[in-house]
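Since the structure comes first, as structure tokens, the remarks are kept for the end.
Proteins get letters first, then strands, A, B, ... in listed order; numbering begins at 1 in each.
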Protein chains: 4
Amino acid sequence: MKKNKPKYRQIIDAAVIAIAENGYHQAQVSKIAKQAGVADGTIYLYFKNKEDILISLFQDKMGYFVEKFEEKIAGKETAAEKLLVLVETHFNMLSEDRHLAIVTQLELRQSNKELRHKINEGLKGVLSLVEKILIEGREAGEFSPDLDTRLARQMIFGTMDETVTTWVMNDQKYDLPSLAGPIHKMLLHGCATRK
Amino acid sequence: MKKNKPKYRQIIDAAVIAIAENGYHQAQVSKIAKQAGVADGTIYLYFKNKEDILISLFQDKMGYFVEKFEEKIAGKETAAEKLLVLVETHFNMLSEDRHLAIVTQLELRQSNKELRHKINEGLKGVLSLVEKILIEGREAGEFSPDLDTRLARQMIFGTMDETVTTWVMNDQKYDLPSLAGPIHKMLLHGCATRK
Amino acid sequence: MKKNKPKYRQIIDAAVIAIAENGYHQAQVSKIAKQAGVADGTIYLYFKNKEDILISLFQDKMGYFVEKFEEKIAGKETAAEKLLVLVETHFNMLSEDRHLAIVTQLELRQSNKELRHKINEGLKGVLSLVEKILIEGREAGEFSPDLDTRLARQMIFGTMDETVTTWVMNDQKYDLPSLAGPIHKMLLHGCATRK
Amino acid sequence: MKKNKPKYRQIIDAAVIAIAENGYHQAQVSKIAKQAGVADGTIYLYFKNKEDILISLFQDKMGYFVEKFEEKIAGKETAAEKLLVLVETHFNMLSEDRHLAIVTQLELRQSNKELRHKINEGLKGVLSLVEKILIEGREAGEFSPDLDTRLARQMIFGTMDETVTTWVMNDQKYDLPSLAGPIHKMLLHGCATRK
DNA sequence: GATGAATGAGCATTCATTCAT
DNA sequence: CATGAATGAATGCTCATTCAT
């Protein structure tokens, strides 16, 4: 009857839309189910509970991001180039899915601490990925030898996140991907810290 | 037992403690009232509703921050120096109040979009303050002439925010203020972007 | 506005009626609240949860029974007389409150095992009370010297319970208290077992 | 693995085990199906609905009881002897099947009134059987000429039931069949009521 | 006959806010 | 000013039953 894609994905996609359009607390399970075109109970055949939908949603999108990222990073040599790919991939992905951007930047943050901790677990993979790039760059002489990679990582993530959030709170009315270049340049100089 | 300070402040302080110790969603009005040593109904003599407590809390602390900031910025000449004061003041303030740090970095973000928009309104003052510094610095030749001050501002706020949040999520177990120097150096080089 | 009796009792009385008229599983909290003339939430100012209403209900009625029983037993000398008072008090109490009879004999038994265990705790007091009478009677020579008081107690309770349940399942259409005499006589002979 | 016995009996046996081990409300149809080694839907090829399983279960066991009872009663002359066979058969049957004892004494009672009425229908046969014995005994002079056979029947059933239930609630940790003798003696004297 | 994925009705409980005292 | 008892709207999840295969 419905689309041929498996219900699991059908429900995740519905959750993104329902949350983006109604807000986190107003996206009741029944709304997600209706959006997905399934019965309320069907949700629970694929997810343990409502929280599990959100965790799965996040992991799913995160997996997609990592996939895209590794696809595009292939062949890039320098840390600088790799950082550009990171920013571009991030901005592109959220720019291409308005609903997802709203969900990750605004709505999912309203979830309780427990859920946010689980989400952070999912982020760990990307964090270490970035830190690896930073260490490479430092050892290759691209970055300052006394660069604190942990702090640098926080700068990179904080900057990207703030940039996207500001864009979303301004109703996504300007072009986000075109900011990747300037942002990247700033971050690069930040890492190139020298006395 | 009841301190002489006006109930208004008594309630705000109680809210910070109640939220930090119980979490945003578990800090019911009745808990805040008990912590403040007043009856539930009394809250509504000083605040329009629960959301109003949080907004007031934020504005109150923000005002305190601006006050501190302007106190310390007096006599500073360069934009670089002013930025250092900004980071230091921010880190010091949150480092000195464990409860407040938890509330601003973790708990208050669970509030709904509407509240977060109002909180952002309160931030505008500081934002423009920072942007003014950036413009000064650009015109004084400290920063790159083609620096996008809006993006730079997002980098500065994003970096500071991510740094503090990471510190809080690590249970505040290392010294935050000592990170102000390295962070400032990175941000400065980021702004000093040149071709 | 409402009756002057404390809300606690008001709710218990409402629960008896609501359960008797709607059945255990159809007596939703909202129905009990409506019957009691209070808001749903008010229930939870006086009871921990729905189960707590039922436990309290049972203890309340049990307390009333014990009170009545001790009132009427005063001055009775023989165990036989005391047993008669027991049966009469039990039959009278349930005969006087149609709703209560339905609740104790039919509806409350549908509660889960946990609740039934708690109810049994409440019964312990009465059980030992009866066993004391049986021991007295045995020592006074009224009953067989080799009477197993535990079995006798089970006979007494089982017989009374079955009698009342049968009466309720027959829509209480005959007179229950008038059965106390014959039942008592049978039980007495049962206890008077001799070789 | 799948025994050759018809699925009908397979499912009833599974229901007894599932209910005894999980409790009435936790013995979902899916659990019974899994225990029986069939699909959920298969249940509905043999039973109208869940309630029908329970009624059938009860009737099945009741039929087995009557069969056993008539087997053993053959050749017994006096009402007293026949009553002994009744108590012994009842106690033996439940003593031999721990699961069945739990189900009949504790779990099945949580069913709703309607189901319990239907179960009572099934009991009618045994009830009248007992009443016949009582009338025989009265006419044969074994029992008091003014014995109320309806009340006596309630005493007999109530006592047996209470005895078994107490035994189950004490985790079946003492020997039930050995109580048949003493119980029978008490009941007999109860019926032998004389002025 | 057998399957098992899908259905969707139903309900205890919390808590921000009010208002009579 | 202050109180705190009372309010009542709002929602995630279970499970008996169906029916297309």
Side-chain angles (χ1 to χ4, degrees), chain A residues 1-2 6-8 10-11 25-34 36-54, chain B residues 2 6-8 11 25-34 36-54, chain C residues 1-2 6-8 10-11 25-34 36-54, chain D residues 2 6-8 11 25-34 36-54:
Chain A
M1 170 77 74
K2 276 283 154 186
K7 289 223 162 46
Y8 175 81
Q10 205 170 312
I11 292 167
H25 285 115
Q26 279 309 301
Q28 297 91 340
V29 171
S30 61
K31 253 179 203 156
I32 296 174
K34 178 174 266 183
V38 301
D40 294 18
T42 305
I43 300 272
Y44 294 88
L45 295 176
Y46 296 90
F47 299 92
K48 217 167 84 253
N49 49 35
K50 188 180 179 183
E51 189 177 82
D52 190 34
I53 306 176
L54 304 174
Chain B
K2 286 194 185 183
K7 288 218 166 53
Y8 175 81
I11 292 168
H25 285 115
Q26 279 310 300
Q28 297 89 342
V29 171
S30 61
K31 251 178 204 157
I32 296 174
K34 178 175 262 185
V38 302
D40 294 17
T42 306
I43 299 274
Y44 292 86
L45 297 174
Y46 295 89
F47 298 92
K48 211 167 91 254
N49 50 34
K50 187 180 179 181
E51 190 177 82
D52 190 32
I53 306 176
L54 304 174
Chain C
M1 172 78 74
K2 276 284 154 186
K7 289 222 164 46
Y8 175 81
Q10 205 170 312
I11 293 167
H25 286 114
Q26 279 310 301
Q28 297 91 340
V29 171
S30 61
K31 253 178 205 157
I32 296 175
K34 178 175 265 184
V38 301
D40 293 16
T42 305
I43 299 272
Y44 293 87
L45 295 177
Y46 296 90
F47 299 91
K48 215 167 87 253
N49 48 36
K50 187 180 178 182
E51 189 177 82
D52 190 32
I53 306 177
L54 304 175
Chain D
K2 286 194 184 181
K7 288 217 166 54
Y8 175 81
I11 292 168
H25 285 114
Q26 279 310 300
Q28 297 89 344
V29 171
S30 61
K31 249 177 207 159
I32 295 174
K34 177 176 262 184
V38 301
D40 295 16
T42 306
I43 298 273
Y44 292 86
L45 297 175
Y46 295 90
F47 298 91
K48 211 167 93 255
N49 50 35
K50 187 181 180 181
E51 190 177 83
D52 189 32
I53 306 176
L54 304 175

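Summarising the geometry, the separation between OH on C:Y44 and C1' on E:dC15 is reported as 13 Å, rounded to the nearest angstrom. Atom C1' of nucleotide F:dG4 and atom NZ of C:K7 are separated by 13 Å, given to the nearest angstrom. We find that NZ of B:K34 is positioned 11 Å from P of F:dG4, with the value rounded to whole Å. In this structure, B:H25 places its NE2 atom 13 Å from P of F:dT11, rounding to the nearest Å. What separates NZ of A:K31 from C1' of F:dA10 is a distance of 11 Å, to the nearest Å.
For A:Q26, the side-chain atoms get nearest to F:dT11 when compared with the rest of E:dA6, F:dT11, F:dG12.
Along DNA chain F, the nucleotide nearest to C:D40 and the one nearest to B:T42 differ in position, and the one closer to the 5' end is contacted by B:T42. The nearest heavy atom of DNA chain E to A:A39 and to D:I43 marks one nucleotide each, and the one closer to the 5' end goes with D:I43.
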Atom pairs and distances, side-chain donor-acceptor, residues 38-49 of chain D, under 3.5 Å, sequence neighbours left out:
unit_1, atom_1, unit_2, atom_2, d
D:T42, OG1, D:A39, O, 3.4
D:N49, OD1, D:E51, N, 3.3
D:N49, OD1, D:D52, N, 2.9

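Across the helix from E:dA2-F:dT21 to E:dT21-F:dA2, the helix axis at one end is tilted relative to the axis at the other end by 10° (nearest 10 degrees, each axis from five pairs).
Counting all heavy atoms, side chain and backbone alike, B:I53 lies closest to B:I11 at CG2-CG2, 4.5 Å.
The residue C:V29 sits close to a base: some heavy atom pair falls under 4.0 Å.
Applying a 4.0 Å cut-off to non-hydrogen atoms, the residues of residues 45-54 of chain A that approach DNA chain F are A:N49, A:K50, listed by residue number.
Between the side chains of C:K31 and C:Q28, at least one donor N or O sits under 3.5 Å from an acceptor N or O.
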